[in-house]
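Note that the numbering runs from 1 along the sequence shown for the chain.
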Amino acid sequence: MGRYAWGDWKPTATMLSVVVVFAVLNTLTKMAFNQGMHTSVLITLRQLTAFLFLAPIAYYRESAVLGASLTQWLFFVGLRYTTATFACAFINMTPMFTFLVALPFGMEKLDLKTGAGIAKVIGTTVGFTGAILLALYQGPSLTKPSPPPAAPGAAMAAAAGHGGGAHHQWAIGSVALLAGAACWSFWFILQSRLGKKYPALYSGNALMFLLSFLQMAAVGLATERDLSVWILRTKLQIITVLFVGVMGSGVGFLAMSWCIEQRGPVFTTAFTPLIQLIAGAINVVALHEQLHVGSALGSALVIAGLYFVLWAKTKEASDAPPPSSSNINALDQEKPKQATQQREDV
């Protein structure tokens, strides 16, 4: 019984750890951008760091070696033109996109005659409403932080709220974040289907980051002709690259891939709203962002929607009949065949 309870809560504990990492990651990334770091440079070095971190693990654990590039590019473009809290708010739309995309693929079921089905609809609607409120309404400020000290690139970042050009950049950032959330959702769906075809968790992610590094290196060299931008000049930039590469991409994507295999893509993406809450708290202290009424109300709705979705997933899991002994034996016999076929394919 105790083993079952730990197995049931292990994906939840894993995703809670992942969202903390991603919240810190977004804040560090925004601070690095404020110091003049380029988007393509960060993504390229991040993917390379993640590959170098995962490749040895994949080799020793498994003796082997898509969406990461475009998703991160869109998100970091949006993050550069807006704020960390605002960018995280758009991530909250990922569970809704994932749920809607998973339905036609048969990876999620929706039975409105059951309490779980109704809870999914309510949770998705409430969460989406909260995300819209976060993005479109600010309201009066709840905090009055002192202005932060001047830093390289701070003048450019402070201009985000002034001038027509800044409004244009804010609009571009919003569109990029929305598109990034949609791509992020498709990655979860793709990863779920890929895990069934290629269950080698470590080497699968290592290969993904290798391909992503090659893609972003080509884009970065084509767009960033000045080689000096590839030099990391401050300790913060070095720490950011190492943290987002090892913890964000390496450990974070690995943990999410495992959770997708255990509980599915909708369960995994349901934790993304927590990134906004944790990042918002960090940004008030580190980046001196103001906390507004709209952020508080929107966050409350997002959390309410999150609990509805998680309750629905837990309800469905508890109501599902346990696998019969014949099915378990069939699965045990099928695993050696799949492993043999993979070695033959290699």
Self-check item: Spacing of Gln47 atom CD and Leu210 atom CG [to the nearest 0.5 Å]
Solution: 10.5 Å

Quiz prompt | Which atom of Arg46 lies closest to which atom of Val244, heavy atoms considered | solution = NE-O, 3.3 Å

Quiz item: Rounded to the nearest 0.5 Å, how far does CG of Leu25 lie from NZ of Lys30?
Solution: 14.0 Å

Quiz prompt | Rounded distance [0.5 Å steps], CH2 in Trp73 versus CD1 in Ile43 | solution = 6.0 Å

Self-check item: From CD1 (Ile260) to OG1 (Thr268), nearest 0.5 Å
Solution: 5.0 Å

Quiz item: Under the side-chain contact (heavy atoms from CB on, under 4.5 Å) criterion, do Ser185 and Phe99 qualify, and how do the steps go?
Solution: CA-CA 8 Å; Ser185 302; Phe99 174 68; over 6 Å; no

Quiz item: What is the distance from atom CD1 of Ile282 to atom OG1 of Thr27, rounded to the nearest 0.5 Å?
Solution: 5.0 Å

Practice problem: Compare every heavy atom of Val126 with every heavy atom of Gly305, then report the nearest pair and how far apart it is. | Solution: N-CG1, 3.9 Å

Quiz prompt | Centroid-centroid under 6.0 Å between Phe209 and Phe253 rings | solution = yes

Quiz prompt | Cluster overlap Trp311 with Met15, hydrophobic side-chain contacts below 4.5 Å | solution = no

Quiz item: Any link between Leu232 and Met31 through a network of hydrophobic side chains (Ile, Leu, Val, Met, Phe, Trp, Tyr) touching at under 4.5 Å?
Solution: yes

Quiz prompt | Lys315: partners by salt bridge (Lys or Arg N to Asp or Glu O under 4.0 Å), with sequence neighbours left out | solution = Asp319

Practice problem: Examine Val229 and Leu221 and state if one hydrophobic cluster contains both, with Ile, Leu, Val, Met, Phe, Trp and Tyr joined whenever side-chain heavy atoms are less than 4.5 Å apart. | Solution: yes

Self-check item: Test item: Ser212 side-chain N/O and Met208 main-chain N/O as donor-acceptor pair under 3.5 Å
Solution: no

Exercise. Rounded to the nearest 0.5 Å, what's the gap from CG on Asn26 to CG on Leu28? Could you check?
Key: 9.0 Å

Self-check item: Ile231 with Leu42, same ILVMFWY side-chain cluster at under 4.5 Å
Solution: no

Practice problem: Sort and list the pairs that fulfil side chain to side chain donor-acceptor pair (under 3.5 Å) and have at least one residue in residues 230-246, not counting sequence neighbours. | Solution: Gln35-Thr234

Quiz item: With sequence neighbours left out, what residues match Phe22 under ring-ring contact (aromatic ring centres under 6.0 Å, His included)?
Solution: none

Practice problem: Flag the pair Trp258 / Lys10 as yes when at least one side-chain heavy-atom distance between them is below 4.5 Å, and no otherwise. | Solution: yes

Exercise. Please report the shortest heavy-atom distance between Leu177 and Gly78, naming the atom on each side.
Key: CG-CA, 3.7 Å

Exercise. Evaluate the criterion salt bridge (Lys or Arg N to Asp or Glu O under 4.0 Å) for residue pair Glu316 and Lys120; output intermediate values, then yes/no.
Key: CA-CA 11 Å; Glu316 287 181 345; Lys120 283 184 180 181; 2.9 Å; yes

Quiz item: Are Ile238 and Val241 in one and the same hydrophobic cluster, where Ile, Leu, Val, Met, Phe, Trp and Tyr link if side-chain heavy atoms are under 4.5 Å apart?
Solution: yes

Practice problem: Can you see which heavy atom on Phe243 is nearest to which on Val21, and at what distance? | Solution: CE2-O, 3.6 Å

Exercise. Take Val18 and Phe271, measure what side-chain contact (heavy atoms from CB on, under 4.5 Å) needs, and give me the verdict at the end.
Key: CA-CA 9 Å; Val18 169; Phe271 285 84; over 6 Å; no

Quiz item: So, for Cys259 and Pro11, which heavy atoms are closest and what is the spacing to 0.1 Å?
Solution: SG-O, 3.6 Å

Quiz item: Does CZ belonging to Phe308 count more than 12 external heavy atoms closer than 6.0 Å?
Solution: no

Quiz prompt | Donor-acceptor contact present, side-chain Thr49 to main-chain Leu242, <3.5 Å | solution = no

Practice problem: Identify the two heavy atoms, one from Phe33 and one from Met37, that lie closest to each other, and give their separation to 0.1 Å. | Solution: CD2-O, 3.4 Å

Self-check item: Whether over 12 other heavy atoms sit under 6.0 Å from Phe128 CZ
Solution: no

